[in-house]
Amino acid sequence: MPELPEVEVVRRGLELHVVGRRIERVEVGRERTVRRTSAAAVVTGLTGATMTAARRRGKYLVCDLDNGRAVMVHLRMSGQLVLAPASSPRPSHAHVVLTLTGDQELRFVDPRTFGEVVVFDPGRADVEVPELGRLGPDPVADGLTMRQLRRLLATRSRQVKALLLDQHALAGLGNIYTDEVLHVARVRYDRPANALTGRQVGALHRAMEAVLADAIAAGGSTLGDAQYVGLSGEAGRYQEQHRVYGRAGSPCPRCRGRNVIVRAPFGGRSTFFCARCQR
DNA sequence: CGATCTACCTGATGGC
DNA sequence: TGCCATCAGGTAGATC
C-alpha cells in the first residue's frame, strides 16, 4: 500500500515528467473520487493549468498550479497515479484523467475508491484540506531530529507502533514500514513509547532514516496484489528486502534460524515481528 | 489521553 | 464451477 516511500517515488515522477506541462483536458469518471468538492470544481480548477511543483507531506501529494490553485491527491489503499500515452487503453477504475500536452494522460486509478483528488485554494487550505495542517513532521521531507523523536516518544504512553502509525504524530509511515523500522531497530511493536531506552530511541531514529531511504531508492514496495506502481507503471523492488512484513513463518533475518517471524493481531490488522530480537 | 471499533470499497483468495 | 466469507489497510469519527 502506498506509504511515504511509494508516494515519494510518485512525487519524483511528477516532478520529472508532469511539472511544466499544461493540462489540456480533465475527465472525472467517478464522483466519489472528487467527493470533497465536485467534478465541476476539479475540471474547472485543473483545465488549462500547468503544474509548477510537486510536493509531498506524509502520504499526501500536493501539487501547485500556475492558476493559483493547488491539487491534493491521496492514494489511500489502492490509488495509483500513472502516466501513459493518451492512445493506450485506459485501465479499469481510471476515475480522473488529465490529458497533458504531448498526448499523454495522467490517470488516477483507484479500484477501491478510498483515494481522493481535491482542487483547493491554498489560502483556504485550513478549511478545504484541514488534514494537511494536522500532520506531524515528515521524516524525509522535513527531517526528524533525534531530539524531536525523543520528545515525541517520551510524551506518549501508547504502544510505539500505534504512535508511529499516527499521522498526527509523524507523517508517512504505514503498516509495512513501521514493522520494518521496528525490526531494524530491534524494538517490539507493543512497547509503550515512553518506555524505550535512549539506545532504542537512537536505533529507531537510525532505522527510520535507513529504511525509508533504502525503500525510496528501491522504488517502493509492490506487494503481491500489485496495487502500487510508480508514475510510469513500474513496480517497486523493496518488497524483496522486507525483513518481517508478510513473512510470518520465515526465519528471522537477524536471528538466523533461531527464531521465526510471527504475525500478531494489531488494531484489527496484522503486525509482523521477531519475539527474540525485538524487545 | 488511549484503546477499540466502525465505516468506507473492491478484488483476490480460500473453503466447501 | 459457483457461492460465500475473509482479508487487505489509510483515515476519520464515535464510544468507553
Side-chain angles (χ1 to χ4, degrees), chain A residues 1-8 10 29-36 56-62 72-81 90-96 107-118 126-136 138 151-182 188-196 212 215 220-229 235-236 238-239 242 244-249 263-273:
Chain A
M1 309 301 122
E3 301 179 25
L4 187 156
E6 290 75 30
V7 180
E8 175 62 15
V10 172
R30 183 124 178 190
E31 297 289 331
R32 184 170 150 75
T33 301
V34 296
R35 58 194 174 278
R36 184 87 59 110
R56 182 191 58 76
R57 188 86 194 273
K59 302 169 196 168
Y60 294 80
L61 279 169
V62 178
M72 183 274 267
V73 176
H74 198 303
L75 305 174
R76 292 283 178 106
M77 313 292 297
S78 62
Q80 304 176 340
L81 268 181
R90 286 186 190 167
S92 313
H93 308 292
H95 303 317
V96 178
R107 299 163 173 165
F108 180 79
V109 180
D110 185 16
R112 295 174 66 184
T113 71
F114 285 100
E116 261 196 284
V117 176
V118 182
D126 54 335
V127 285
E128 295 181 11
V129 282
E131 62 267 52
L132 291 178
R134 299 192 202 113
L135 290 175
D138 178 309
R151 188 183 169 78
L152 190 65
L153 294 164
T155 53
R156 320 293 172 90
S157 59
R158 319 164 65 181
Q159 295 185 341
V160 62
K161 173 160 172 167
L163 183 63
L164 296 180
L165 281 172
D166 183 347
Q167 304 299 297
H168 307 121
L170 197 63
L173 297 181
N175 207 36
I176 296 173
Y177 293 101
T178 45
D179 281 0
E180 293 299 313
V181 166
L182 287 167
R188 260 185 80 108
Y189 70 100
D190 55 358
R191 297 284 295 154
N194 59 8
L196 266 58
L212 293 175
S221 299
T222 296
L223 302 181
D225 55 12
Q227 296 289 20
Y228 165 75
V229 293
Y238 192 69
Q239 66 282 358
H242 286 179
V244 288
Y245 184 80
R247 299 220 190 282
R263 168 189 177 147
F266 180 84
R269 300 199 165 90
S270 302
T271 192
F272 299 89
F273 69 106

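Here is the naming used below: chain letters follow the sequence lines, and residue numbers restart at 1 for every chain.
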Whether over 12 other heavy atoms sit under 6.0 Å from A:Arg35 CZ: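 Above 12, so yes.
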Hey, does [Y] have a side-chain heavy atom less than 4.5 Å from the side chain of [X]?
| X | Y | result |
| --- | --- | --- |
| A:Thr178 | A:Val160 | no |
| A:Leu4 | A:Tyr177 | no |
| A:Tyr238 | A:Pro5 | no |
| A:Thr33 | A:Phe108 | yes |

Which nucleotide wins on minimum distance to the side chain of [X], given the candidates [options]?
| X | options | value |
| --- | --- | --- |
| A:Met77 | B:dG2, C:dG10, C:dA12 | C:dG10 |
| A:Arg263 | B:dG2, C:dC7, C:dG10 | C:dC7 |
| A:Arg158 | C:dT11, B:dA3, C:dG10 | B:dA3 |

Just the rounded figure in Å: distance from [atom2] of [N] to [atom1] of [X].
| X | N | atom1 | atom2 | answer |
| --- | --- | --- | --- | --- |
| A:Leu223 | C:dC7 | CG | P | 18 Å |
| A:Arg35 | B:dA7 | CZ | C1' | 12 Å |
| A:His242 | C:dA8 | NE2 | C1' | 15 Å |
| A:Asp166 | B:dA3 | CG | C1' | 13 Å |
| A:Asp190 | B:dA3 | CG | P | 11 Å |
| A:Phe266 | B:dC5 | CZ | C1' | 14 Å |
| A:Leu165 | C:dA8 | CG | P | 15 Å |
| A:Gln167 | C:dA12 | CD | P | 8 Å |

Closest non-hydrogen atom pair between A:Lys161 and A:Thr271, with its separation: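 Smallest heavy-atom distance, with atoms named: NZ-OG1, 3.0 Å.
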Reading 5' to 3' through nucleotides 9-15 of chain B, protein heavy-atom contacts under 4.0 Å coded B for base, S for sugar-phosphate only, - for none: BBS----
Under the side-chain hydrogen bond (donor to acceptor under 3.5 Å, both in side chains) test, residues paired with A:His242 that sit two or more places apart: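 Scan of A:His242 (side-chain hydrogen bond (donor to acceptor under 3.5 Å, both in side chains), adjacent residues dropped) gives A:Ser221.
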Distance, nearest 0.5 Å, that separates CZ of A:Arg151 from CZ of A:Arg156: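 Rounded to the nearest 0.5 Å, the CZ-CZ separation comes out at 9.5 Å.
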Whole-angstrom distance between B:dT6 and C:dT6, as gauged at atom P: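 Approximately 14 Å lies between the P atom of B:dT6 and that of C:dT6.
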Distance between P atoms of C:dC7 and B:dC5 (Å, rounded):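 Their P atoms lie roughly 14 Å apart.
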Per-nucleotide pairing state of DNA chain C [Watson-Crick or G-U, under 3.5 Å; [ ] pseudoknot-crossing; | other strand]: .|||||||.|||||||
Residue-phosphate contact under 4.0 Å: A:Ser78 side-chain N/O, C:dA8 OP1/OP2: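 Indeed not, no polar side-chain atom of A:Ser78 lies that close.
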Below 4.0 Å: OP1/OP2 of C:dG10 and any side-chain N or O of A:His74: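 Checking C:dG10 against A:His74, no side-chain N or O comes under 4.0 Å of OP1 or OP2.
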Under 3.5 Å donor-acceptor, A:Gln167 side chain and A:Leu165 backbone: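 Flag set: sc A:Gln167 to bb A:Leu165 pair under 3.5 Å.
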Side-chain (A:Glu6) to main-chain (A:Gly220) donor-acceptor, under 3.5 angstrom: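 Looks like no, no N/O pair under 3.5 Å.
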Which residue lies more 5' along DNA chain B, comparing A:Gln159 with A:Arg269 via nearest heavy atoms: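 Upstream on the strand: A:Gln159.
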